[in-house]
Amino acid sequence: MKSIIDRAKAAYLGVAIGDALGATVEFMIPNEIKSAYGVHKEIIGGGWLKLKAGRVTDDTEMSLALGEALLSKGAMDAHTVATSFLDWMRSKPVDIGGTVRRGLVRFSLTGETVAEPSERSAGNGAAMRNLPVIIATLGDNQRLMEWTSIQGRITHNNEESDRGSYIIGLLTSLSILMGGEAPLHATARRLMEETPAFDYTRFKPIDTDGYIVHTVRTVLHSFFSTGDFEACIVKTVNYGGDADTNGAIAGMLAGAFYGVESIPGRWLRRLDPNVKEAVERQVDILLETFPPRRAPDPDGAATCPRPFWPLP
Ligand code: MN
Ligand code: MN
């Protein structure tokens, strides 16, 4: 169990570190990053949001809000999660995505916990905040899929968003449970066969616009072409574009897979100490409240029911 707790913490710290590192170069293109930083690999803040070094953005903050909602109910409850997101929005966050804002405004006006279906809501905003669901459903892929969609659809009512969030979720879940033994290549291959749009071998460096399909390709391309936590995140954020969110998701997967010892000390020291404490504490309570109940199930990728796909 200790190794599971450690890897879950590493995944959450990975979200925060990828977010804080990537935010500096969000919306830049690779050539701009190169002329400004060479290779961008230090947490220095700045960026279009003019952040203090170590400060995180909506990606990490919404994750914490989702985790708090799961803990306050001891279960997944869409209304509780939506309320927690809305409270966060009202706290005047440093950044908030358009689709997220639309969904939460609608919830505040109507109480509806499922956003309007929209072609345009295939952004990565549901996947970026999903780690608490992944931690609370370890070993139960069916529940992972259901809870992923419930929290996601509060703002992103879109099959591609559900599917991309689930792909990242399943790979992260297996990594937290199995560490370096997790059969990620085989599982990823099977997931890509089911939904070829997400095939990361089709990654192009220009596809960093925050579209969930592009985000999954970018993260998996970076993850499978590097051999440690630092290299995976550095590679991801240096593509620019939605660098904080891509970085957060890459950090989630790489943290889960490589573990807490793999995280560079200089990044941990730079991260906002309140955030570091909050994510570590939340992992402890999440795993107490929702203990992993079954053995890892890598085959779940192929066998789980599919109410939301195949995609066209
Ligand atoms: Mn962000
Ligand atoms: Mn972003």
Side-chain angles (χ1 to χ4, degrees), residues 11-30 32-33 40 43-67 84-85 88-104 120-132 151-152 154-156 158 160-161 164-165 168 205-219 222 232-255 267 270-272 274-276 278-279:
Y12 222 142
L13 291 167
V15 170
I17 285 170
D19 183 2
L21 182 75
T24 305
V25 294
E26 190 181 21
F27 302 132
M28 292 171 76
I29 61 169
E32 291 169 341
I33 298 172
H40 172 57
I43 297 178
I44 53 172
W48 74 281
L49 293 169
K50 301 189 169 40
L51 299 171
K52 204 170 153 247
R55 169 88 208 248
V56 296
T57 72
D58 49 346
D59 312 70
T60 309
E61 290 170 355
M62 290 198 85
S63 302
L64 286 165
L66 172 58
S84 183
F85 288 162
W88 165 78
M89 184 172 90
R90 288 177 170 156
S91 75
K92 300 213 187 331
V94 65
D95 190 24
I96 179 169
T99 306
V100 168
R101 181 186 295 280
R102 248 190 327 278
L104 296 180
R120 282 164 56 227
S121 55
N124 54 21
M128 76 183 187
R129 65 185 185 224
N130 200 37
L131 182 59
Q151 78 82 3
I154 293 170
T155 53
H156 293 64
N158 180 282
E160 285 182 319
S161 169
S165 303
I168 296 294
I206 194 176
D207 292 340
T208 53
D209 50 7
Y211 173 37
I212 183 63
V213 169
H214 291 163
T215 293
V216 170
R217 288 186 197 168
T218 303
V219 167
S222 298
C232 174
I233 294 190
V234 167
K235 185 164 188 169
T236 303
V237 301
N238 279 275
Y239 290 120
D242 196 0
D244 63 325
T245 304
N246 291 344
I249 296 174
M252 180 197 307
L253 179 58
W267 285 353
R270 262 302 165 89
L271 187 62
D272 180 339
N274 294 323
V275 169
K276 181 170 182 291
V279 303

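Atoms within a ligand are numbered from 1 in the order they appear, just like the ligands themselves.
Applying the ring-ring contact (aromatic ring centres under 6.0 Å, His included) rule to Y239 yields the partners F203; only residues at least two apart in sequence or on another chain are considered.
Under a cut-off of 6.0 angstrom, the local environment of CD1 in I206 is sparse, with at most 12 non-hydrogen atoms contributed by other residues, nucleotides or ligands.
Tested against N124 for a side chain to side chain donor-acceptor pair (under 3.5 Å), the candidates T218, D242, T99, D209 yield a single pass: D242.
Excluding waters, the set of protein N/O/S atoms under 2.8 Å from the Mn ion (ligand 1) reads T57 OG1, D58 OD1, D59 OD1, D244 OD2.
For D59 (side chain) and D19 (main-chain N/O), no donor-acceptor pair under 3.5 Å exists by modelled atom type.
Separating the CE atom in M89 from the CE atom in M62 is a distance of 9.5 Å, to the nearest 0.5 Å.
Between N130 and S165, the side chains place no donor N or O within less than 3.5 Å of an acceptor N or O (distance only, hydrogens not considered).
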